[in-house]
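A short write-up of the structure that comes next.
Chain letters run A, B, ... following the sequence lines, proteins first and then strands; every chain starts at 1.
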Amino acid sequence: MTAAQPLPDPTTAPEEPAVATPKAPRLEALYFALRNPKLVVGLSIVLLFLLVGLVVPPFLEHTPGERYAPPLLPPSAEHWFGTTQFGQDLFTQFVYGIRSTFLVGFLGGGIAAVIGMTIGFVAGYKGGWIDEVLNMLTNVVLVLPTLAVLFIIAAYVDSYGVVTQSFFIGMTSWPWAARAVRSQALSLSSRDFVDLARLSGVRPWKIIVRDIAPNMSSYLFMTFILLFGGAVLAAAGLDFVGLGPNDGMSLGLIMHQAVKWGALQLGVWWWFVPPGLGITAIVGSMYVMNVGLDEVFNPKLREM
Amino acid sequence: MTLEVSDLRVYYRTLRGDVRALDGPTFTVADGEIMGLAGESGSGKSTLSKSLIRLDGRMRYIGGSVTLDGDEMPIWDDRAMDEFRYKRVSIIPQYAMSAMNPTRKIGKMIAELLESRGVRFRDVRDELHRRLELVELERDVLDRYPLELSGGMKQRTVMVISTLLNPSLLIADEVTSALDVSTQRAVAETLVEFRDREFVKSMIVVTHDISLVYQIADTIMVMYGGRLAEKASAKTIIEMPKHPYTKMLLDSLPEVGVKYEDKRLSGIPGSPPGLLNPPQGCRFRDRCPLADKQCLEQPPFVEVESDHHVACWKAE
Amino acid sequence: MRKYFGRKIFVYALTFFAAVTINWMIPRLMPGDPIKSRLARASLNDAGAAEALYGYFNKMFGLDLPLWQQYLNFWVSLFQGDLGISIWNFPTPVIDLILGAVPYSLGLLLPSIILSWLVGNWFGAYAARSKWLDNTILPIGYILTATPYMWLALLLAWSLGIVAGLFPAAGSYGLSLQPAFTWTFISSLLEHWFLPFLSLFLVALGGWAIGMRNMIIYELESEYSNYLQALGAPRRLIRKYAFRNAMLPQLTGLAVQLGTVVAGALLTEIVFSYQGLGYLILQAIQNQDFFLLQGTFLFIVIGVLIANFIIDIVYALVDPRVRVQMQGGAK
């Protein structure tokens with residue numbers, strides 16, 4: 001989780017030389033996007049995994065939990081990723097696991113993004129005591145060790161699904177996004193065009209949605225990607241200690257079972273290597289993709 | 001002549017081609033001259049002032065020469081320029097309020113800067129104290145952090161730092177734009193005093209405020225669309241301008257002290273030309289009431305009277 | 001001074017209050033009779049344990065009392081250091097188990113946090129030097145931060161521990177040893193400590209390197225850097241300033257990341273069966289030992305709060321801006 005890394009500051013985006021003719025920024029962004037290896041490689045890997053998670057499951061003959069094969073087979077043409085101690089096919093588990101990884105990422109990251117952005121925007125735009133209170137709330141949740149809180153919550157819930165898990169993760173991982181968005185909104189809300197809107201009596205929500213948010217859309221998108229990665233890692237941690245959803249399969253759960261049934265001692269590397277590699281590849285590619293996006297949106301970085 | 005600029009071309013490289021931000025101005029700044037540099041945004045004035053000390057990342061040197069006290073400055077070579085910077089050409093930046101490292105005491109920062117340029121701090125300390133006194137700053141600002149100084153104090157401190165090594169040429173880049181009116185006047189007067197005391201030999205004052213330039217400058221140079229429009233003594237420019245653009249610029253000033261930049265000039269219809277594919281001929285032609293066929297050809301920047309240069313076919 | 005720390009302490013107090021309240025509230029929010037369902041699921045080896053526990057649960061939860069009374073009682077027993085009795089390790093008080101585990105967790109956390117922060121910052125500053133370094137260090141950094149803590153721990157335990165046999169892959173010290181101040185014990189302790197430490201250190205390293213790299217680029221583009229460049233100052237001086245100024249937000253980042261690193265330590269301990277708080281949490285979860293789980297949670301929160309406060313103090317010491325503001329010298 002990379003909450004500490006600063007995102008580029010859209011409010012100090014470099015000024016184009018004033019002499020430049022009116023241009024099409026979207027086209028220019030696309031031009032750079034297609035020529036940015038970090039973005040292209042990162043996005044390709046993410047899409048590949050997403051595709052596997054979406055398309056492959058219907059073609060699989062067995063369910064992830066089904067015990068039908070000989071136990072502890074190493075990877076082979078028959079079982080690409082080998083089998084578990086109970087004769088479950090690890091490739092099947094992996095593919096279903098990718099599915100829930102993306103689900104948790106989108107839902108958990110999405111919920112965190114919505115909460116963080118709402119609180120950040122309102123605090124930054126409204127200021128005054130509302131800002132004080134929201135800031136306090138943000139700081140409190142920020143200091144709480146997220147995963148430990150999730151342990152407590154998940155331990156008491158008897159059974160729950162991926163959606164609930166995403167909800168819990170989203171509810172606890174928004175603070176740094178709120179902070180980041182707040183400081184951006186703060187500097188944007190003192191700009192002329194926002195002042196003008198405010199003077200002409202436009203309602204605050206409209207100003208935020210119409211004037212402030214579009215000006216930092218690239219920033220918000222990158223924030224979401226970081227939250228997505230954080231949610232995936234948090235879910236993997238929960239699943240790994242055995243507090244994951246009771247239904248379905250996840251990459252963290254595969255690792256949990258591997259450790260629980262002694263894969264480490266038995267040297268059954270194919271049980272725990274692929275799931276972790278999958279998470280690292282997905283989250284890592286998203287982060288690298290983010291750097292690429294950053295370079296596309298922030299021309300100053302292109303020269304580096 | 002302190003500064004001789006000849007056919008200087010500096011472009012911005014963009015995807016759609018070169019933006020000809022500075023397209024071949026030729027002019028000189030005499031010893032002891034304070035030259036005001038005026039123009040709308042996009043006129044090339046800030047590109048010119050940056051070119052004389054440090055090109056920023058996207059500017060590309062295309063051609064032309066800059067000579068300071070008879071030595072050619074290698075403005076295309078960032079490293080070689082270091083020898084000239086500070087010692088021979090210096091700048092008071094537009095962002096003087098935030099020009100100092102916020103986490104260093106001011107005195108320490110100055111010492112480190114000087115030592116890194118091979119100047120011993122001990123040797124200039126007394127002079128530094130004298131100059132701080134001159135701008136009415138206590139010596140103990142050196143023991144403070146920038147945060148502890150007011151805006152005006154920071155401005156004056158930066159002025160002293162920038163001129164400490166007695167450069168031949170000082171570029172004052174919009175130094176007054178962030179200040180209130182009374183401070184603006186004080187800053188302007190300090191600039192003149194620095195010249196009179198020979199802390200600096202010559203000066204280029206880039207500014208929004210043509211009335212302020214008029215108070216302190218010996219000469220005024222007006223730029224338009226990356227080229228020079230007119231240069232003459234301050235008095236001549238204000239009282240007897242020859243370039244139609246200068247005339248309109250002055251006419252459009254409602255009263256003294258009003259800034260004319262940022263927004264399009266109300267008095268002049270149209271807007272400055274894009275410099276990606278600038279129109280052929282005189283770049284002011286689209287907005288000029290006097291324009292005719294002759295203006296399809298670029299007018300040369302010529303001396304029409306003694307020390308009065310204009311680039312316009314219609315200037316008699 | 002008073003305002004800076006006053007504010008911080010207020011937030012921390014509020015956080016602690018929130019953590020305790022969460023702890024109190026969650027069992028009560030769950031449907032059904034929490035005591036019965038907990039007891040039914042608890043794996044009790046001791047016959048007397050069930051009875052003792054039932055009484056204890058009743059006293060602790062006091063469900064027949066009004067809510068505010070229950071809440072108040074919860075706080076009172078907390079301040080008496082009473083976190084309940086462990087079910088997993090009946091009848092050891094939870095607090096004793098936790099105090100026994102804390103040194104192991106701290107022994108892992110402190111060196112890995114501090115070293116990864118220092119080394120990561122150094123790498124990050126180095127990466128900002130050239131395109132080539134940037135293109136090497138940055139992707140490695142991103143891969144490391146994207147690595148789940150437990151996965152790297154598994155890889156190290158398997159490769160260096162089990163396959164290569166260089167280090168023990170499980171436990172905190174040799175099984176045949178008793179804690180003592182002997183060379184055999186200490187060397188065994190260090191041997192067992194190394195892999196979990198390395199694992200934590202590596203994952204945390206990436207984040208710091210990336211953070212520093214981004215901060216330093218930001219600083220190099222700042223106005224004071226521009227001014228120095230215009231005055232011909234050498235890159236060395238400008239980098240020095242940028243590095244120092246970039247360290248300050250990295251210090252704040254340390255506070256923000258603390259929770260993540262602690263969580264990472266818990267997961268790493270579980271992989272290595274290292275007997276810190278993470279191991280306790282795993283036992284608590286597997287044995288449905290809720291007193292232990294909640295007690296450990298509170299301790300983690302307290303630890304994170306203390307660490308945050310220490311970082312605040314250090315920050316105030318190193319950032320002149322905070323110092324100046326505290327002296328009221330700002331205008």
Which heavy atom in [X] sits nearest to a heavy atom in [Y], and how many Å separate them?
X      : Y      : answer
A/G276 : C/P148 : O-CD, 4.2 Å
A/V140 : C/V11  : CG2-O, 4.0 Å
A/L144 : C/A19  : CD2-CB, 3.9 Å
A/I152 : C/Q294 : CD1-CA, 3.9 Å

Exercise. Near A/F167 CZ, under 6.0 Å, is it more than 12 heavy atoms from other residues, nucleotides or ligands?
Worked result: no
Exercise. In this structure, are over 12 heavy atoms from other groups packed under 6.0 Å from A/F81 atom CZ?
Worked result: yes
Does the side chain of [X] reach to within under 4.5 Å of the side chain of [Y], using non-hydrogen atoms?
X      : Y      : answer
C/T260 : A/T146 : no
C/V256 : A/R179 : yes
A/P145 : C/V301 : yes
A/F240 : C/V271 : yes
A/V149 : C/F297 : yes
C/L267 : A/L147 : yes
A/Y287 : C/I210 : no
A/K38  : C/N135 : yes

Non-hydrogen atoms of chain A under 4.5 Å away: do they reach the side chain of [X], the backbone, both or neither?
X      : result
C/I270 : side chain
C/L138 : side chain
C/Y12  : side chain
C/L258 : neither
C/Y149 : neither
C/I22  : side chain
C/I143 : both

Exercise. Should the ring pair C/W158 and A/F272 be called parallel, tilted or perpendicular, given that the plane angle runs from 0 to 90° and is split at 30 and 60?
Worked result: perpendicular
Problem set entry | Within residues 132-139 of chain A, residues adjacent to chain C where the heavy-atom gap is under 4.5 Å | A/E132, A/M136, A/N139
Exercise. Are the side chain of C/W151 and the backbone of A/V273 linked by a donor-acceptor contact shorter than 3.5 Å?
Worked result: yes
Seminar exercise, completed: Comparing A/L243, A/V232, A/L142 against chain C, the one with the most heavy-atom pairs below 4.5 Å turns out to be A/L243
Seminar exercise, completed: One should read off an interatomic distance between A/F151 CZ and C/I300 CD1, to the nearest 0.5 angstrom, of 8.0 Å
